[in-house]
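Report on the following structure.
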Amino acid sequence: MPVSWTLLVVLALAGAGYLVARARVVAMAGGDVRRLHSRPSYHGWNAALLTALPALFLIAIWRFVQPAANPTPVAILALVLAAAGLGLALFRAAPGFRARNAVETMVKGLLILCSSIAILTTAGIVFSMLFETGHFFQKYSWHEFFFGTTWSPRFGGGSQLGILPLLWGTIYISLIALAVSVPIGLFAAIYMSEYASARLRGVAKPMIEVLAGIPTIVYGLFALITVGPMLRDYFAQPLGLGNSGSSVMTAGLVMGIMLIPFVSSLSDDIINAVPQSLRDGALGLGSTQSETVRKVVLPAALPGIVGAVLLAASRAIGETMIVVLGAGAAARMDLNPFEAMTTITVKIVSQLTGDNDFAAPETLVAFALGLTLFVITLGLNIVALYVVRKYREQYE
Amino acid sequence: MNDMRLLERSVDQSEIKIAARDVQVWYGEKHAIKDVNVDLLDKTVTAFIGPSGCGKSTFLRCLNRMNDTIDISRVEGKITLDGEDIYDRRVDPVQLRARVGMVFQKPNPFPKSIYDNVAYGPRIHGLARNRAELDEIVEKSLRGAALWNEVKDRLNDPGTGLSGGQQQRLCIARAVATQPEVLLMDEPCSALDPIATSQVEELIDQLRAQFSVVIVTHSMQQAARVSQKTAFFHLGNLVEYGNTDDIFTNPRDPRTESYISGRIG
Amino acid sequence: MNDMRLLERSVDQSEIKIAARDVQVWYGEKHAIKDVNVDLLDKTVTAFIGPSGCGKSTFLRCLNRMNDTIDISRVEGKITLDGEDIYDRRVDPVQLRARVGMVFQKPNPFPKSIYDNVAYGPRIHGLARNRAELDEIVEKSLRGAALWNEVKDRLNDPGTGLSGGQQQRLCIARAVATQPEVLLMDEPCSALDPIATSQVEELIDQLRAQFSVVIVTHSMQQAARVSQKTAFFHLGNLVEYGNTDDIFTNPRDPRTESYISGRIG
Amino acid sequence: MSDATLQGAQPRPSLLAADPRTRKRNAAEARFRAYGLGAILVSMVMLVILLFTILTGGIGAFRQTYLEIPVALDAAQLDKNGNRDPADLRKVLTLTYGKILQQSLEQSIADKGIAIAELSDKDVSGLISKEASAQLRNRVLADPELIGQTVEARVLVNGRVDGYYKGRVSMESAARDANTSPAQLQLADALKAQGMLATQWNWSFLTSPDASDQRPEAAGVGIAILGSLYMMLVVLVLSVPIGVAASIYLEEFAPKNRWTDIIEVNISNLAAVPSIVFGILGLAAFINFAGLPQSAPIVGGLVLTLMTLPTIIIATRAALKAVPPSIRDAALGVGASKMQSVFHHVLPLAMPGILTGTIIGLAQALGETAPLLLIGMVAFVKNFPSAPPDGLFEPASALPVQVYNWTQRADPAFIERASGAIIVLLVFLLCMNLLAILLRRKFERRW
Amino acid sequence: ARDQIQVSGSSTVLPYSTIVAEAFGENTDFPTPVVESGGSSAGLKKFCEGVGENTIDIANASRPIKASEIEACKAAGVTEIMEVRIGYDGIVFASDIEGNDFAFTPADWFNALAAEVVVDGKVVANPHAKWSDIRAELPDQEILAFVPGTKHGTREVFEEKVIAAGCEESGAAEVLKAEKGEDEGASACMALRTDGKSIDIDGDYTETLARIQSAKNGIGVFGLSFYENNTDKLKVATMAGVNPSTETIASGEYPVSRPLFFYVKKQHIGTVPGLKEFAEFFVSDELAGPEGPLAAYGLVADPELAATQAAVADEAILSE
Ligand SMILES: Nc1ncnc2c1ncn2[C@@H]1O[C@H](COP(=O)(O)OP(=O)(O)OP(=O)(O)O)[C@@H](O)[C@H]1O
Ligand SMILES: Nc1ncnc2c1ncn2[C@@H]1O[C@H](COP(=O)(O)OP(=O)(O)OP(=O)(O)O)[C@@H](O)[C@H]1O
Ligand SMILES: [Mg+2]
Ligand SMILES: [Mg+2]
Ligand SMILES: O=P([O-])([O-])[O-]
């Protein structure tokens, strides 16, 4: 595979560039590094980056644009680029050369590149869904999609594909899941960072994090086999709220458990980062520890906590397995939390992996659902950003 | 030993607000306070002086158990407030700290509005029956700390956006607003200009009428001006404790003497 | 106007290290520095005095562009270092700050060891050829800041575990270790006892031989002791600037006069 | 001194006796604390319950029942031409080997004098796993000299019989079960009494590939482990640096304006995108556009990277935000560049948060199935991929996929294997996290 | 170049496909094909993505390919598609092994699950709560049915061959059509009740089984092969008096079944090693015949297997 060989050679050149450039400037400065504008290692990095980056970019671009073509010319070109970069770096290496600035500019470029991946991903997602959503709305009225209250896809036409019951299920289940995970997670985080001994915290935190790593199918089966029947027998039936084994409540509760570490671990880190002097200030005024936490520490940690809650909410919205097994597949709008309902995400998955013709509205609706969900969560995030801006208490 | 000291200073037992007996503090291995015995009197300003790093802040923090929050610190000995051992297991440090307030060496305003910073204590202790009373407490405290004029138009701005000296005064106002019986002030005027300093000193003098105040200061002049009693610390030891006048005019320990005479300007 | 000032003070142009022209600073709506014009001289100690909250720290932070880090602050006017506009777009603030060092008002040691705190600057600027040289710089800086004796046995302990005054001296040592041409010190002795203070003042005096030093202080005595030039700020205005002796003995502005005479002890 | 007037009469509240307000506040404090402890307890109890279910359900997958019988490799059936020509030998299908095994077992039964009522041919042939004939065939092809000899063969027994020794199958259920019978189980018992059949610890669960629906007893997670490992390599190598780099740029360098707001909202929103949508994107971008192969860990890794990035970025940004500005000032004040202040001071302080994000992000990535559905990773793969980097481009499975597949299979023996795979998954996760957790502990500090 | 065959598609066909792939790998020198699941639609979609190394070779489907899909395939350059029918999937109705015995007719299911039924000649919202309400011979047991969700092809078969057939059989179709018109009436025939007595299962048969185990009075719809693997837990019901088995389905006596297919990208034959051999191996008598392992696993062998074998050998492609 010439590509991986080219890669290796480029990296080796970069490594060599680092060492040579470094040694060269030190020699030029007569061994007295104080005469250099930048530390020797910056000169080294400058050479390494100049050698590696252009060549790597070339290979990456080519890999995406022309995957099947003959790699040899590209490999040669890449090597030439690397050699040229190395040469330039060595040529420029001099005590007065602002290697740090050069390296930092390159690193900043890399940082920007990394951030743009998020944008590219979004663009990719939107475009890959927009197209098919367009097809969907050619075949199905948007009015019925957005305002229809019935979800019943059929084979061979006549489907009713109203999003409202799915949306309602999504909101209902997510809210219950958050109602479980946010208080538990937050209290756990507070306890770990404010009360617990280092020992307990060292054990409890990773243990709770295991909850995030248990495959969702385990939660799903737990919901289906244990929690569902329990809720039905001890709550729903005695209260006369129906006798459905799978329900919004089941899925919400179980999902809530899964989400605990999302809230607790992230919040714990953020709470822990609040400077001790703020706690001292509050304690010195005679607050109890809980008052200190509630009135001083939490407001200071708000942005991170909101981030954690949003992440948990995002997972709740995106979860399938627990909903399928815990809440059933019934698209329904109902206030009774002991009834089966379902979510948008579940239907995206099931319509995409189903038996319908892939050009049929029953399949294409998955894309419309995905895009709608995207827009809704976008709104949610904007609100969250606004809230954080408004209530953030910046310490120091 | 106890008796001896009492005799020596001819202090009436009832006047003692805080008494420390054989207090030792360690930070991990470091022995930061060694065997300190002292009686702090009610309705009196006591100054703690001594070179930087000698343990003044450490000892101050023992008096309202703020040392509890430092993991590696360990306190031994006995400290009583009104005769009750504050390190007793049954003592609630929260209640203790409400009675023994503190201004820290590094100003640490809450990342809240100036108003909320000052109103924090009164709110949690329920010192105001209504908003008007709270406003009044806030204003009075800020006036006392000589900050009112500078911030009265920006009470809703964050306390963290103040200048260094303003933050320091904010923290004083915040502590005063809680109306503690004993106020521990760790270099409360270090970032203040002479005028603000004199205003704060005036405040301390007013407070003395009802409460007792302990002030850590590096300024011998300030100690002489505001305090009635002075304690000189050196390398974790309480070297000398007595009437401020005596200490400054007639120190008995050579170390005190040399510290005081090293004074400049 | 420029000419007038130059005439007035009969300062040789070549001695000017930093020149500020019509400098304005806003924090959001708040106009914190108003129209300040000043020439800071090379190999000279300049003291900034003025009541708390008058803008001393703000102006100081303009001189090495530390105000860039405060989102809401906005600087107008021109400041030159050795004749070069430091707010020019081509200027690298990093290099500027390496040349114009700073000791902040609130001690802010890195949460690293004492040694690493001091060694940080020399390391990033490549001031030491090897470990021995670095050790030497660290020791010299800590000695200069009068901290060496207290910490020489615990160089690997965290800098955040020091007392308030020790932290302050650590920050001084850290700034000195970088060997800047101009050293901006925001109340460097506020938490120091008289002896440590005099040691730091001695350090400042030594530094003056090679560099220029700007020191913010609330202590008139200190300003008088260490500085050759004094600038008096009031409500964001530079009210008076001149030789320290002149300012203290013969202030021209009534505001200066009343600030100085308000001096205590 | 002593202008202080004595006020002996004024009653002082005792420190030992709380006033009503303090009592109330202390009660609130105690409640708060109890909630915290309760929250941790609830989480722990849930964890224990879940782990207990997984362990009890899955530990059986690590034990397997084997039968040891002498097998007469009849030359007449295996090498009709008698010339041991490999090409001819290959033409003999596993069906024939199945028959040979059945005959050998019948022979053994007769030799040992085992007599069981109502024992049918199907019961006898069904006792041995279908995997056995393939193994025997491979053994013979590797060493044609064996033909004509009688060799000792250690073969897997059928999943139902295996289940009988693990408590999944009973005589009663066997009576109703179309795939086994009480007679078959009695036969197994008899063989066991002869010492020919035993249930043993079974490492091959970890090393063998998946097997088809008819041979649950032979199915293993070997390829799935490799596939997950490869994918996690890709995810780790890409998502952590990219995520941290993106966060650093956004939090420390990017100008604070509408654009960065949009990006910020956008990233949080990406976290809410259902994972299967990333599969759609991966299919379009990496397979159809970039031309990467189907079912390959590289594509899975890339898709999971995109999916994990928002989690890491959100956690990292929150951690960066939480570092006090005075630290940055301190560094800038001694002439460090912004970049240096970030990499030398801010990043180490934000490390615990970054590591938490990594732990949670990787946990999520490791357990994800839905996006893999669309890029061909939810697959039945029998051939091991080679070592990286080439192996990254060859088909592989993944642990969650294996779990997902097995829970859908009809034979209940797969449920046990799915639980076993979940145990492996969790162990995998713990190993992966251990380093992060240790690192995090090193970086944690309060200032 | 890629040396293993890539198969994708229906989860119903998946077990058969893996059994064949495994045997193919064991008995030939070709590598074992990689078989994915993900649903018929998703499989066909990938199949129609185009021609070349990074596209799949075979799509499994539990329904015939649709005209629109052939169009899309063609547009992407997949012009030569071989359709291979491998046999039939029987659909059975089963309940917990401990429960009552059931002998159903399609009309029973219509009356139990339809949204609207005809009672005394009038169209009313389904009033039946127990099976015995429908027909006295049926057990006195709550109606609770787990039917495949609308993503499953099985649902289509269930609606057509059980519910719609029951609608006709019970005479309700006439009344409904008379009342609502031809089209509306036909779709009213297939509308299921939504009051929680009929529960859609979007997951797999394992989920249906799990639900029956947590709600013992439920009756589930399963594939024959799934039932055959779980005869110790499930009790199968007769439909119109016929017991489901591979024989009764093959003979056409048992009414509810559907054909299973796979589609081969003929353009890949010759480039992907073993593709044709695999297709031939799949439909060979040893595997797909009534005595083969597929039948043993529950596939209903195709009575016309010989014709299929011939078509595969000829590489016959779909023609419109
Ligand atoms: N970050 C900030 N945001 C808003 N206002 C600020 C901020 N920092 C300072 N100010 C205001 O600007 C004015 C000048 O502040 P500065 O810190 O320069 O004062 P100073 O002279 O250093 O006072 P001190 O002696 O108390 O430190 C003050 O009124 C202060 O409240
Ligand atoms: N958290 C800590 N961990 C370890 N050592 C500490 C800690 N806090 C203080 N020390 C050490 O204990 C000694 C006393 O510190 P303390 O803060 O009480 O001094 P101080 O008298 O207040 O000095 P300053 O006037 O400089 O504030 C010092 O040597 C200091 O280095
Ligand atoms: Mg102190
Ligand atoms: Mg200041
Ligand atoms: O997976 P299916 O397409 O057969 O439901």
Assert top hit (heavy-atom pairs under 4.5 Å, partner chain A, pool B/Val100, B/Asn108, B/Asp92) equals B/Asn108
Supply the atom-to-atom distance A/Thr288 OG1 to B/Gln95 CD, rounded to the nearest 0.5 angstrom.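 Nearest 0.5 Å value for the OG1-CD distance: 12.0 Å.
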Student check: side-chain heavy atoms of A/Pro299 and B/Lys112 closer than 4.5 Å: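 Of all side-chain heavy-atom pairs linking B/Lys112 with A/Pro299, at least one is under 4.5 Å.
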For the student: nearest non-hydrogen atoms of A/Leu285 and B/His125, plus distance: O-NE2, 2.7 Å
A/Leu278 to B/Phe110 - nearest heavy-atom pair and separation: O-CE2, 3.5 Å
According to side chain to side chain contact (heavy atoms under 4.5 Å, CB included), who are the partners of B/Thr69, at least two apart in sequence or on a separate chain? A/Gln276, A/Asp280, A/Leu283, B/Arg61, B/Met66
Near B/Asp205 CG, under 6.0 Å, is it more than 12 heavy atoms from other residues, nucleotides or ligands? yes
Per-residue contact mode, B/Tyr120 against chain A (heavy atom under 4.5 angstrom):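 When you check distances to chain A, only side chain atoms of B/Tyr120 fall under 4.5 Å.
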Applying salt bridge (Lys or Arg N to Asp or Glu O under 4.0 Å) as the test, list every pair that has at least one member in residues 286-306 of chain A; sequence neighbours left out.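 Qualifying pairs, neighbours excluded: A/Glu291-D/Arg25.
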Applying ring pair (Phe, Tyr, Trp, His ring centres under 6.0 Å), can you list everything that pairs with A/Tyr191, at least two apart in sequence or on another chain?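 With neighbours one apart ignored, the set is A/Tyr195.
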Contact class of A/Ala198 relative to chain B, heavy atoms under 4.5 angstrom: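 Neither part.
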Close contacts, residues 133-143 of chain B versus chain A, judged by heavy atoms under 4.5 Å: none
